[in-house]
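Bear in mind the structure is a predicted one, so any value in this text is a computation, not a measurement.
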Amino acid sequence: MKAWRVHDLGEPGTVLRLDTVARPEPGPRQVLVRVTGAAANFPDVLMCRGLYQVRPPLPFTPGVEVCGEVVAVGADVAGIAIGDRVIGGTALPHGGFAEFALMDAAQTFPAPPALDDAEAAALYIGYQTGWFGLHRRAGLKAGETLLVHAAAGGVGSAAIQLGKAAGARVIGVVGGPEKAAYAAKLGADIVIDRRTEDFVEVVKDVTNNRGADVVYDPVGGDVYARSTKCIAFEGRILVVGFAGGDIQTAALNHALVKNYSIVGLHWGLYNAYEPAAVAECHRTLTRLAGEGAVKPLVSERLSLEGIAEGVQRLADGKTVGRVVYAP
């Protein structure tokens, strides 16, 4: 089979190499799938650079979430059969940027019938992250104001739709007019182009100086620091990641005097500590997809040959919505 593999660490467009390799065999509690969709995620970029918390041995194939057709089942796997259409997380080093990929059975779920393969491939990590972040960690309530940074990106676009489904008023922050149009298409009530507007002032203005009840921050750095200036009384700043490259330090005295919470989210831990909650979230997301409340916005459908360039565009911040390998 053909698979994109990382032999040396660096920028995706440089280090990804299309190799011909043997098709992997599923081990215990694993399944092998023919990849029908593989969404590019920022962790894929970080793994290519050697900067992610998970560091597969070289060479490895990135692609942490897929949709696929089960073609082989390993030992100790129940409830998954050959021919099933599934989505979920891959078992590295045999990720989704290949013709076939391995999946952990515990992180393999039925693909939502309402979504095509590319859309289904993009439902797992971003939407699970958004759902756990907004509901389990931040306790978002109907009628509250949700501020979403990087709102046209993978996790940000999911947060917009999930916030709207929860009955919140959603403010999306993006960089540039093309991304602003995408955020509006996703359903954001207010879209702020950070290149031409100060999101702190806009949030204060549209909330009558109350501020945002929940801030969804996958960027970090100065974005986090400025978000503390427009957080509401008893607001929650949800720290999702550091795509901006800088890991900020929190001024805890400021959190004290303004009475807000700083909440961290490492969604992957739920797979280890509370897998039943991940399965229940998948059922919820499947229902929401069936109702039309959530639908990944796939902006690019890549051929196998186009994967390295597509992942590099994601790394460079030049993509909107979801970029998906869709053979």
Test side-chain contact (heavy atoms from CB on, under 4.5 Å) on T207 and R169; report intermediate values, then the result.
CA-CA 10 Å; T207 61; R169 178 171 64 158; 3.5 Å; yes

Chi angles and distances behind the side-chain contact (heavy atoms from CB on, under 4.5 Å) call for M1, V21:
CA-CA 6 Å; M1 71 170 191; V21 298; 3.8 Å; yes

Yes or no on side-chain contact (heavy atoms from CB on, under 4.5 Å) for R236 and V215, after CA distance, side-chain angles and deciding distance?
CA-CA 6 Å; R236 292 84 73 197; V215 175; over 6 Å; no

Checking R55 against F60 for the side-chain contact (heavy atoms from CB on, under 4.5 Å) test, could you report, in this order, the C-alpha distance in whole Å, the side-chain angles of both residues, the deciding distance, and whether it holds?
CA-CA 9 Å; R55 298 188 179 186; F60 67 90; over 6 Å; no

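Inter-residue side-chain proximity for P112 and L285 is flagged as unmet; no heavy-atom pair is nearer than 4.5 Å. Using a 4.5 Å heavy-atom threshold, the side chains of P56 and M47 count as touching. The shortest side-chain heavy-atom distance between P327 and L304 does not fall under the 4.5 Å cut-off. At a threshold of 4.5 Å between non-hydrogen side-chain atoms, the residues V203 and V173 do not count as touching. Between L238 and V263, the closest side-chain pair of non-hydrogen atoms falls below 4.5 Å. Residues D104 and Q30 have side chains in contact (heavy-atom distance under 4.5 Å, counting atoms from C-beta outward). Counting heavy atoms from C-beta outward, C230 and L147 have side chains that approach closer than 4.5 Å. No side-chain heavy atom of Y224 sits under 4.5 Å from any side-chain heavy atom of V219.
Shortest non-hydrogen contact noted between A111 and I87 is CB-CG2, 3.7 Å. Here the closest heavy-atom approach between residue R301 and residue A118 is recorded as NH1-CB, 3.3 Å. Closest approach of V155 and G126 over heavy atoms only: CG1-CA, 4.1 Å. When every heavy atom of K179 is checked against every heavy atom of G317, the shortest pair comes out as NZ-O, 2.8 Å. Nearest approach of F97 to T61, heavy atoms of both residues: O-CG2, 3.6 Å. The two residues V294 and Q161 have their closest heavy-atom pair at CA-OE1, 3.4 Å.
How far CD1 of I247 is from OG1 of T249: 11.0 Å, rounded to the nearest 0.5 Å. Atom CD1 of I125 and atom CZ of F42 lie 14.0 Å apart (nearest 0.5 Å). One finds the OH atom of Y270 at 14.0 Å from the CD atom of E280 (value rounded to the nearest 0.5 Å). Taking OG1 from T14 and CG from L9, the interatomic distance works out to 12.0 Å, rounded to the nearest 0.5 Å. Rounded to the nearest 0.5 angstrom, T228 OG1 and I262 CD1 are separated by 8.5 Å. Rounded to the nearest 0.5 Å, atoms CG (D44) and CH2 (W4) are 14.0 Å apart.
Note on V170 and V214: same hydrophobic cluster, where clusters join Ile, Leu, Val, Met, Phe, Trp and Tyr whose side-chain heavy atoms are under 4.5 Å apart, directly or indirectly.
T36 places a side-chain N or O within 3.5 Å of a backbone atom of C67 that can act as its donor or acceptor partner. Proximity of a side-chain donor or acceptor of T90 to a complementary backbone N or O of G63 within less than 3.5 Å is detected. No side-chain donor-acceptor contact under 3.5 Å links R194 to the backbone of F199. Side chain of Q107 to main chain of G89: no donor-acceptor pair is present (N/O by atom type, distance under 3.5 Å, no hydrogens or angles). In this structure a side-chain-to-backbone donor-acceptor pair under 3.5 Å is present from D213 to T145. Checked by atom type and distance alone, the side chain of E144 pairs as donor or acceptor with a backbone atom of K141 at under 3.5 Å. Between the side chain of D193 and the backbone N or O of G175 there is no donor-acceptor pair closer than 3.5 Å. Proximity of a side-chain donor or acceptor of R137 to a complementary backbone N or O of H135 within less than 3.5 Å is not detected.
Residue pairs meeting the side chain to side chain donor-acceptor pair (under 3.5 Å) criterion with at least one partner in residues 66-87, sequence neighbours excluded, are R34-E69, R85-D117.
Residues D198 and R226 are paired through a salt bridge, judged by an N-O separation under 4.0 Å between the basic side chain and the carboxylate. Remark: K164 engages D189 in a salt bridge, criterion side-chain N to carboxylate O under 4.0 Å.
None of L123, V278, I80 except one satisfies the side chain to side chain contact (heavy atoms under 4.5 Å, CB included) rule with F109; the exception is V278. Only one option out of E119, K185, R322 pairs with L297 in a side chain to side chain contact (heavy atoms under 4.5 Å, CB included); it is K185.
Remark: the Y124 side chain and the H282 side chain contain no N/O donor-acceptor pair separated by less than 3.5 Å.
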